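I'd like to ask some things about the structure below.
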Amino acid sequence: MSAGYKKIKGLKTVSFTISWFLMIRPTFNMITTHFKCRGGLYPRSNIERFLVPDDKVTWSTEFKEYDPPYYTSPSLHGKPYADPEIGEPNFKPKWHSPNGNITRASYMGHPLNPIGYPLNPMGYPLNPIGRTGIKGRGVLGRWGPNHAADPVVTRWKRLENGEIAVDKNKKPILQFVAIKRGDTGEWALPGGMVDPGEKVSAAAIREFQEEALNSLVMSKDERKMYEEKFDKFFSGGDVIYQGYIDDRRNTDNAWMESVAYNFHDENGSTVGALKLHAGDDAVGVQWIDVTPALKLYASHKEILDVVLKKRL
Ligand code: BGC
C-alpha cells in the first residue's frame, strides 16, 4: 500500500470515513512523489528548471530560495484546447469541479482532502505532489489537472504450441500493447488526452484504436466492423489506476492525470490475435513482455506493475 494510504490510515479520524475511503478506493498505489518532472531542461524549450532536491518537493517543506522560472509555451497561443491566462477578465474557471465540458477536478482528492490540489494566494492551482522547478503551464493546455486516459491491453505470452510461456521463476509472462511515442521515442501505453465532454473510458478505447490499430486511416465501414468486433472486449475494462502521472511536461501549476483501464484477453483470441499498426502520434507498436527491467514513458511502468499484480 502507498505512503499516501498509510498516512491516511494512520490519522485518527472517524472510523466511518476510513471504512468508506477503503471501500471505494481502488487498491492501486497512488503516486506520492515525482522525479521525471524535476531538474534539467523543460521539454521542447531551453528553459532550465530550478533544482528541487528530494526533501524539498512538498509544498509544506520550507524552501526559501525557491525561485523557479515562469514558462508557458508560445505554441499554446490561440489553441482551442488551451486556457487563457489566469486573471484575464473572461476566464473564470471553477476549480475542483466540472466547467461545462472541461473537468478541472483532480483524482488526487480523498475524504480528508476532497479537492485534491490547493491554489496559491495569487489564485494559481498548485501541483498536488509539490515543486517541479518551473511555474506557468509549459506545454500543457490547462491550468491544474490535464486529463488523459490509458488503455492497458494485455494477453499471456504463448509458445508456438499455444502453451503459456513462463519466466525463470515459473510465473506466466504477461504482455501488453506498447506504442513508441513520436515525441520522445519512448515506449508507452497507447493513451492520450480526453477530449472535452468525452467519457474517459471512451477516450482510452479511441486512443487504442488510433495509435495501435491506426483507425484514423480506416474507411468508415472498416472502423465500424472493428468497433462491433471488439465492442464486448472493450466494455469489460477494469480501472487500474487513476491519479497523478509523473510526466516531464508537469509544472508547479499544470500537470497530467490519467485513468488507466486494463482490457485483458485471457485466451489470446480477441485482440491477442490482432494485427497491430502504429497510427496518429505513435511511430511503432508491438506486444512487449512485462518484466522488472522495463523502462517506459512517465508513470506507465508503475501502472503495469499494478496490472501484473492483479493478473498473476
Ligand atoms: C499520454 C498518456 C499519458 C499522459 C500522462 C498523454 O500525453 O498519451 O499515455 O498517460 O500523457 O503522461
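Keep in mind it's a predicted model, so treat the numbers as computed, not measured.
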* **Glu207 and Pro190, any side-chain heavy atoms less than 4.5 Å apart** =>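 Result no, sub-4.5 Å side-chain heavy-atom pair not found.
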* Between Arg49 and Pro43, what is the shortest heavy-atom contact and its length? ->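 Looking at all heavy atoms of both residues, the shortest contact is NH2-CD, 4.4 Å.
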* May I ask you to check whether Tyr244 and Tyr107 place their ring centres under 6.0 Å from each other? =>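 Tyr107 vs Tyr244: aromatic centres not under 6.0 Å.
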* Side-chain ion pair, Asp305 and Lys301, N-O less than 4.0 Å ->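 Yes, charged N to carboxylate O under 4.0 Å.
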* To do: Working to the nearest 0.5 Å, report the span between CG of Asn127 and CG of Asn253.
  =>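 Those atoms lie 8.5 Å apart.
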* Give a yes or no on whether the ring-centroid distance for Phe208 and Phe234 is below 6.0 angstrom. =>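 Between Phe208 and Phe234, the centre distance is under 6.0 Å.
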* To do: Considering non-hydrogen atoms only, spot the tightest contact between Gly133 and Pro69 and give its length.
  =>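 The pair with the smallest heavy-atom distance is O-CD, 3.4 Å.
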* To do: Could you tell me which residues satisfy salt bridge (Lys or Arg N to Asp or Glu O under 4.0 Å) with Arg142, sequence neighbours excluded, listed by chain and number?
  =>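 Arg142: salt bridge (Lys or Arg N to Asp or Glu O under 4.0 Å) contacts with Asp83.
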* **Check ion pair Asp238-Arg311 (N to O, under 4.0 angstrom)** =>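 A salt bridge is present here (some side-chain N lies under 4.0 Å from a carboxylate O).
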* Asked: Within the distance-only criterion (no hydrogens, no angle test), does the side chain of Asn262 pair as donor or acceptor with the backbone N or O of Val152 below 3.5 angstrom?
  ->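 Side chain of Asn262 to backbone of Val152, a donor-acceptor pair under 3.5 Å: yes, one is there.
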* Can Arg131 be said to sit on top of Tyr66's aromatic six-ring, NZ or CZ under 6.0 Å from centre and within 45° of the ring axis? ->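 That pair qualifies as a cation-pi contact.
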* To do: Compute whether any side-chain donor of one residue and acceptor of the other, for His300 and Glu302, lie under 3.5 angstrom apart.
  =>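 Side-chain D/A pair, His300 to Glu302: absent.
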* Looking only at heavy atoms, which two atoms of Asp246 and Ser299 are closest? And how far apart? ->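 Distance-wise, the nearest heavy atoms are N-OG, 2.8 Å.
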Which pairs would a plain distance check flag for residues 281-296, meaning a side-chain donor or acceptor within less than 3.5 Å of a matching protein atom at least two apart in sequence or in another chain?
{"residue": "Asp289", "atom": "OD1", "partner": "Gln175", "partner atom": "NE2", "Å": "2.8"}
{"residue": "Asp289", "atom": "OD2", "partner": "Lys157", "partner atom": "NZ", "Å": "2.7"}

* Would you call Lys224 and Glu222 a salt bridge, using N to O less than 4.0 angstrom? ->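 No salt bridge links Lys224 with Glu222.
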* Asked: Which of these passes ring-ring contact (aromatic ring centres under 6.0 Å, His included) with Trp143: Tyr124, Trp255, Tyr117?
  ->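 Testing Trp143 for a ring-ring contact (aromatic ring centres under 6.0 Å, His included) against Tyr124, Trp255, Tyr117 leaves exactly one candidate, Tyr124.
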* Give the minimum heavy-atom separation between Gly144 and Asn146, together with the two atoms involved. =>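 What the structure gives for the nearest pair is O-ND2, 3.1 Å.
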